[in-house]
Structures are given as C-alpha cells and as structure tokens.
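One structure is given here, and the rest of the page talks about it.
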Amino acid sequence: MSLHVQLSGLCLPTTRAIPTRHFYCRSGPSPASLTPSASASLPHPAIQIVGGRTSNFLGDLSTKGAPNSDLVEKDWVDFEADLYYWTNPLRPVQWYPGHIAKTEKELKDQLRLMDVVIEVRDARIPMSTCHPQMDAWLGNRRRILVLNREDMISSADRNAWADYFTRRGIKVVFSNGKLGMGTMKLGRLARTLAADVNVKRRAKGLLPRAVRAGIVGYPNVGKSSLINRLLKRRMCPAAPRPGVTRELRWVRFGKDLELLDSPGIIPMRISDQTAAIKLAICDDIGEKSYNAADVAAILVQILTKLPSVGIESLQKRYKVDADGQCGHTFVQKLALQLFNGDSHQAAFRILSDFRKGKFGWIALERPPR
C-alpha cells in the first residue's frame, strides 16, 4: 500500500513495503546562495522529497520551433541546483589510490620534456573531467583538448562545446577512441603545433627529433585507447574501468612523434560533489569510492527529467512502475523484481545501461555562459 501526502505542491511518497535510504530531491535556491542558516532549515532526512525545480530540464523539445535559449539555459541551472540537493546528504565520493600520487609527481617532472600536451576529457562531462590544477601545471605550454566519446553525445551538444572552446582559443578535437574517429586529425594537429621545435633546433645546428606529446587526463577517459588507435596496434593496456594504466610510458608513433601514456590523475580531494557524482555515473572514478545504489538513484531522477527519456521509457525498459520521480524507490523495485532484492545489482544494471548508451546520446553538462 502506498500513501501520498501533498505538501506545497510536492508529492512525498511513503512506501511501507520497501525500505529506502532517503535523500533530497527538491527545489530551492542555487548552491552558491546557501548559508549555514539556510542549510539548517532543510527538511529532515527522514522525509523523501521528490521532483525538483523544473519538471523537465532542457525544456520540451517536442514543441514546435526551437526552444528559447534562455529557457534552456535556465533549465540547466535548475538541474545543477537539483543535483546539488540530491547529492548533498550522501556520503562524499573520494578516490585517490596510491599510484596516482606517484604519477602526479612523475608527470610534473616529464612536462618539461613535452612539446605539446594532449588533455583528454569525457565529452559527456567536459567540466567535471578537468583537473583543477591542470592550467597551473601546463602554464603556456601548447595544448590540445580532446573530448573523447563523442559518439555518446548529441550533435547539438558537440557543436555547443566546439563553439565554447573555440571562442576561448583552445584547440579541440572530438574523438571516439574505440573506433579511431578523430585520431589522425589529432596526430596532424600535434605535429603542426610543435613544428617550430625542429626549426629552432636546426637554427642551433642540431639534428631534428621527434615531437613529444604527453597525453593526460582523468582515469578511464580513453587515453590509452586513443594511443592504441593512433598506433594501430595495442601498445598500451586499456580496459573500460579506471586505474588500468599504472605507470608513465613513452611510445613512438612513426619517425616524427612520441607519445607519453600516463595513468589517470585526479585531485586528492574532490570538493565539488556534483562533479564527483557525474564521474561515478560515467565510470570515470573507482567504483569503490561510491555507493552504486545512491548513484543509480540520482541517475534515474536525471533520466526522468529528460524529455528524450522520461519515466515512461524507464518503465518500458525495466517493466517497473516508477513511483513519481524517486530514484531510490525505483532501484529498490527493480532489485525486488529482477535481482532477488539485491539493490547493488539493480543499480549496476541501470548504470551499465547508461554507460552503454541504451538511453540515447546524453550529455550531463552544457557549456557555462
């Protein structure tokens, strides 16, 4: 039996048959406007608040004509605010295995040898996969930005990010490390940007040498796969999980390009927990760092707000009745129906389906204004 209590226009379901862990799904001011007094006035964690500031962020794309850009931008701001409230009560996501600290130190030493740096990010979350110290490390060194997994976002998102980085004077290449799309363009661009290296060497009476390009980025964004595609053979270990590459390794691409494959680097402490949740959803952080059921529940709530997915698509795919927009209730129902009550297996199924593109081309971030 399910009871529904109406409070300030929000539906608060309480399901007696299925115990749930509670977290906020609410509307409210933006995260930047929060104060200690405002945080103290939040509802008690025992209350499960579903819904959010907007009923469908990104607007209703099924209506005639293009959506108003200001409305779409407001929907994304509202989405980020909702995501903040959903993640705020959860255990912080932190992951910093020992080899990353060692890698970070070695990478800083190798930077002085690099003619150009290739930074790889996940095209679904370009801002969340940007290391906060990367700009300080690279300084004025030549840089190419690669947004990998371009096949997992829409052409509209691709164009929006291309315009955003181009206006900031950043060379950007979209790639698909698995299929090799964008890799040849990347190789040509790296050689072009570092062409003056050998011009200067000849002026000094030195013989030309291969251009040195270092490939850096977060774990599991596709750095090693990109190198293997460039080389057209498996030279670097690669697997669809974080932490496979454990040491720095130089590999040669033809006679005029050397590539440095490096393990993923991530901040020692992730202060932005909405970014951490996105990393978990996209499998760009170790799975031991987060509770899969919590992350899957937030993903369900994101998907229910997307016009291209929605509650009906989730119900049809998993044959589970969605109870409003409460992610934890959905995960628990799926666990009871398909996995003998194992919420971890149910959560993994939802996350795996998203990572494999079963819900379509979905970016979790849009360019900031």
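Bear in mind the structure is a predicted one, so any value in this text is a computation, not a measurement. Atom set for the values below is all heavy atoms of this structure, side chains included, hydrogens, waters and symmetry mates excluded.
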Item to check | Stepwise side-chain contact (heavy atoms from CB on, under 4.5 Å) test for K333 and T329 | outcome: CA-CA 6 Å; K333 285 186 174 181; T329 300; 4.0 Å; yes
Next on the checklist: Quick check: is L303 connected to W361 through a chain of hydrophobic side chains (ILVMFWY, heavy atoms under 4.5 Å apart)?
Outcome noted: no
Checklist entry - Which heavy atom of V331 sits nearest a heavy atom of S343, and at what distance? => result CG1-O, 3.9 Å
Checklist entry - Hey, are the side chains of R201 and P208 touching, using non-hydrogen atoms and a 4.5 Å cut-off? => result no
Checklist outcome for this item: Heavy atoms of Y85 and P89 approach each other most closely as O-CD, 3.3 Å
Next on the checklist: When you measure from the side chain of E258 to the backbone of A210, do you find a donor-acceptor pair of N or O atoms at a distance under 3.5 Å?
Outcome noted: no
Checklist entry - Do Q273 and Q94 touch side chain to side chain, with heavy atoms closer than 4.5 Å? => result yes
Checklist entry - Any link between I298 and F354 through a network of hydrophobic side chains (Ile, Leu, Val, Met, Phe, Trp, Tyr) touching at under 4.5 Å? => result yes
Checklist entry - Heavy-atom count around R167 CZ within 6.0 Å, excluding the residue itself: above 12? => result yes
Item to check | side-chain contact (heavy atoms from CB on, under 4.5 Å) evaluation trace for V116 with V197 | outcome: CA-CA 10 Å; V116 60; V197 170; over 6 Å; no
Next on the checklist: Within the supplied structure, the quantity of interest is the number of heavy atoms (other residues, nucleotides, ligands) at a distance under 6.0 Å from K108 NZ; does it exceed 12?
Outcome noted: yes
Item to check | Approximate separation, where rounding is to 0.5 Å, of L314 CG and D321 CG | outcome: 12.0 Å
Checklist entry - Heavy atoms, side chains only, cut-off 4.5 Å: are S175 and E150 in contact? => result no
Checklist entry - Between E119 and C130, is any pair of side-chain heavy atoms under 4.5 Å apart? => result yes
Checklist entry - Between L186 and F174, is there a shared hydrophobic cluster once you connect ILVMFWY residues whose side-chain heavy atoms come closer than 4.5 Å? => result no
Item to check | Cluster check V173, M152: I/L/V/M/F/W/Y, side chain < 4.5 angstrom | outcome: no
Checklist entry - Given K305 and D82, is the side-chain contact (heavy atoms from CB on, under 4.5 Å) satisfied, shown in steps? => result CA-CA 11 Å; K305 285 176 170 282; D82 285 339; 3.4 Å; yes
Throw together a table of side-chain donor-acceptor distances under 3.5 angstrom for residues 265-272, partners on residues two or more places apart or in other chains.
{"unit_1": "D272", "atom_1": "OD1", "unit_2": "T274", "atom_2": "N", "d": "3.1"}
{"unit_1": "D272", "atom_1": "OD1", "unit_2": "T274", "atom_2": "OG1", "d": "2.6"}
{"unit_1": "D272", "atom_1": "OD1", "unit_2": "A275", "atom_2": "N", "d": "3.3"}

Next on the checklist: Going by salt bridge (Lys or Arg N to Asp or Glu O under 4.0 Å), name the pairs with one or both residues in residues 124-141, residues two or more places apart or in two chains.
Outcome noted: D122-R124, D135-R143
Item to check | Check: L306 and I362 side chains under 4.5 Å, non-hydrogen atoms | outcome: yes
Checklist entry - Is the number of heavy atoms from other residues, nucleotides or ligands within 6.0 Å of CZ (F348) greater than 12? => result no
Next on the checklist: To check you understand the geometry: which heavy-atom pair defines the closest contact between L257 and A213, and what is its length?
Outcome noted: CD1-CB, 4.2 Å
Checklist entry - R168 side chain to Y164 main-chain N or O, any donor-acceptor pair under 3.5 Å? => result yes
Next on the checklist: If you count heavy atoms of other groups shown closer than 6.0 angstrom to CG of N340, is the number above 12?
Outcome noted: no
Item to check | Lys/Arg N to Asp/Glu carboxylate O, D353 vs R317, below 4.0 Å | outcome: yes
Item to check | N-O pairing of E80 and K278 below 4.0 Å | outcome: yes
Item to check | Straight-line distance of I215 CD1 to K223 NZ, nearest 0.5 Å | outcome: 9.5 Å
Next on the checklist: Tell me whether E365 contacts the main-chain N or O of M127 through its side chain, where contact means a donor paired with an acceptor under 3.5 Å.
Outcome noted: yes
Checklist entry - Can you tell me how far the OG atom of S128 sits from the OH atom of Y218, to the nearest 0.5 Å? => result 8.0 Å
Item to check | Side-chain donor/acceptor of N159 to backbone N/O of S155, under 3.5 Å | outcome: yes
Checklist outcome for this item: One should read off an interatomic distance between H344 NE2 and L351 CG, to the nearest 0.5 angstrom, of 9.0 Å
Checklist entry - Aromatic rings F359 and Y318: how do their planes relate, parallel, tilted or perpendicular, breaks at 30° and 60°? => result tilted
Next on the checklist: On a heavy-atom basis, which atom in A347 and which in A292 lie closest, and how many Å separate them?
Outcome noted: CB-O, 3.4 Å
Checklist entry - Quick one: does N198's side chain get under 4.5 Å of R209's, heavy atoms only? => result yes
Checklist entry - Is any side-chain heavy atom of V216 closer than 4.5 Å to a side-chain heavy atom of H131? => result no
Next on the checklist: I'd like to know whether CH2 of W137 has more than 12 heavy-atom contacts from other residues, nucleotides or ligands below 6.0 angstrom.
Outcome noted: yes
Checklist entry - Would you say the side chain of F330 lies within less than 4.5 Å of the side chain of T304, judging by non-hydrogen atoms? => result no
Checklist entry - Does F339 have R349 sitting over its ring (NZ/CZ under 6.0 Å from centre, angle to axis within 45°)? => result no
Item to check | Minimal non-hydrogen separation, N291 against R91, with atom names | outcome: N-NH2, 3.7 Å
Checklist outcome for this item: Output for pair (N148 CG, S225 OG), nearest 0.5 Å, gives 7.5 Å
Item to check | Least distance between heavy atoms, R142 atom then D115 atom | outcome: NH1-O, 3.6 Å
Next on the checklist: With a 4.5 Å cut-off on side-chain heavy-atom distances among I, L, V, M, F, W and Y, is there a chain of contacts connecting L279 to I153?
Outcome noted: no
Next on the checklist: Please determine whether side-chain contact (heavy atoms from CB on, under 4.5 Å) holds for the pair H328 and D294, giving the CA-CA distance in whole Å, both sets of side-chain angles, and the decisive distance to 0.1 Å.
Outcome noted: CA-CA 7 Å; H328 263 301; D294 288 340; 2.8 Å; yes
Item to check | Reported CD1-to-CD1 distance for the pair I277 and I302, which is rounded to 0.5 angstrom | outcome: 9.0 Å
Next on the checklist: Parallel, tilted or perpendicular: which one describes the rings of W161 and F165, with boundaries at 30° and 60°?
Outcome noted: parallel
